[in-house]
Engineer: 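Just dropping this structure here.
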Amino acid sequence: MSEPQGERAKSALREVHRAAVRHRDDKLHEAAKELSAVACELGFDAGPVEEWRSCPVCGAEPGAACIRVPGHDMVGGMHPERTRE
């Protein structure tokens, strides 16, 4: 049996983000973000993309975990600022 469409979308987006991290290509990250938005409009949960963005608080690279910084809270192991547009 084939993979459900929503899971296929998540998997494909993760691959685009991995390529963006590997090649340090912000345009690929933006393309994946746009694909996520389209998937959501079509009724598919493309999953979170926050972990694929760099963190403005601690400087964590896309794909890397945030590190604790004095005076900044973390939610779910990530700085909330990383999840904002």
Side-chain angles (χ1 to χ4, degrees):
M1 186 169 183
S2 67
E3 194 175 10
Q5 288 181 334
E7 289 304 312
R8 287 177 51 208
K10 285 180 186 179
S11 178
L13 284 167
R14 282 192 294 269
E15 287 303 315
V16 173
H17 280 299
R18 283 187 195 108
V21 170
R22 189 170 46 252
H23 299 291
R24 296 183 177 265
D25 188 334
D26 289 336
K27 288 184 180 182
L28 282 176
H29 283 299
E30 287 302 314
K33 181 179 166 185
E34 184 64 24
L35 290 170
S36 289
V38 170
C40 287
E41 289 172 11
L42 294 173
F44 298 106
D45 174 16
V49 297
E50 294 84 13
E51 62 267 22
W52 301 107
R53 297 178 181 154
S54 58
C55 182
V57 174
C58 68
E61 293 290 324
C66 284
I67 58 171
R68 294 200 177 276
V69 175
H72 291 274
D73 293 331
M74 291 177 65
V75 177
M78 190 176 304
H79 292 106
E81 294 88 347
R82 193 174 192 175
T83 65
R84 296 188 190 124
E85 293 291 325

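Given the structure is predicted, the values throughout are model-derived calculations rather than measurements.
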Engineer: Just to verify, what does V69 make a side chain to side chain contact (heavy atoms under 4.5 Å, CB included) with, not counting sequence neighbours?
Structural biologist: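 V69: side chain to side chain contact (heavy atoms under 4.5 Å, CB included) contacts with V57, C58, H72, H79.
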Engineer: Tell me the closest heavy-atom pair linking A60 and A65, and the distance in Å.
Structural biologist: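 Here A60 and A65 meet closest at CB-O, 3.5 Å.
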Engineer: Just jot down the side chain to side chain donor-acceptor pair (under 3.5 Å) partners of R22, sequence neighbours excluded, or say none.
Structural biologist: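 Side chain to side chain donor-acceptor pair (under 3.5 Å) list for R22, sorted by chain: empty.
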Engineer: May I ask you to decide if A32's main-chain N or O and S36's side chain share a donor-acceptor pair within less than 3.5 Å?
Structural biologist: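 Such a contact is found between S36 side chain and A32 backbone.
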Engineer: With sequence neighbours left out, write down each residue that passes side chain to side chain contact (heavy atoms under 4.5 Å, CB included) with L35, or none if nothing qualifies.
Structural biologist: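 So L35 forms a side chain to side chain contact (heavy atoms under 4.5 Å, CB included) with L13.
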Engineer: Run the side chain to side chain contact (heavy atoms under 4.5 Å, CB included) test against D26 and tell me which residues pass, sequence neighbours left out.
Structural biologist: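 Side chain to side chain contact (heavy atoms under 4.5 Å, CB included) check on D26 returns H29.
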Engineer: I need the R82 CZ to C66 SG distance, nearest 0.5 Å.
Structural biologist: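 R82 CZ to C66 SG: 4.0 Å, rounded to 0.5 Å.
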Engineer: Please list, chain by chain and in numerical order, all residues satisfying side chain to side chain donor-acceptor pair (under 3.5 Å) with E15, sequence neighbours excluded.
Structural biologist: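 Partners of E15 under the side chain to side chain donor-acceptor pair (under 3.5 Å) test: R18.
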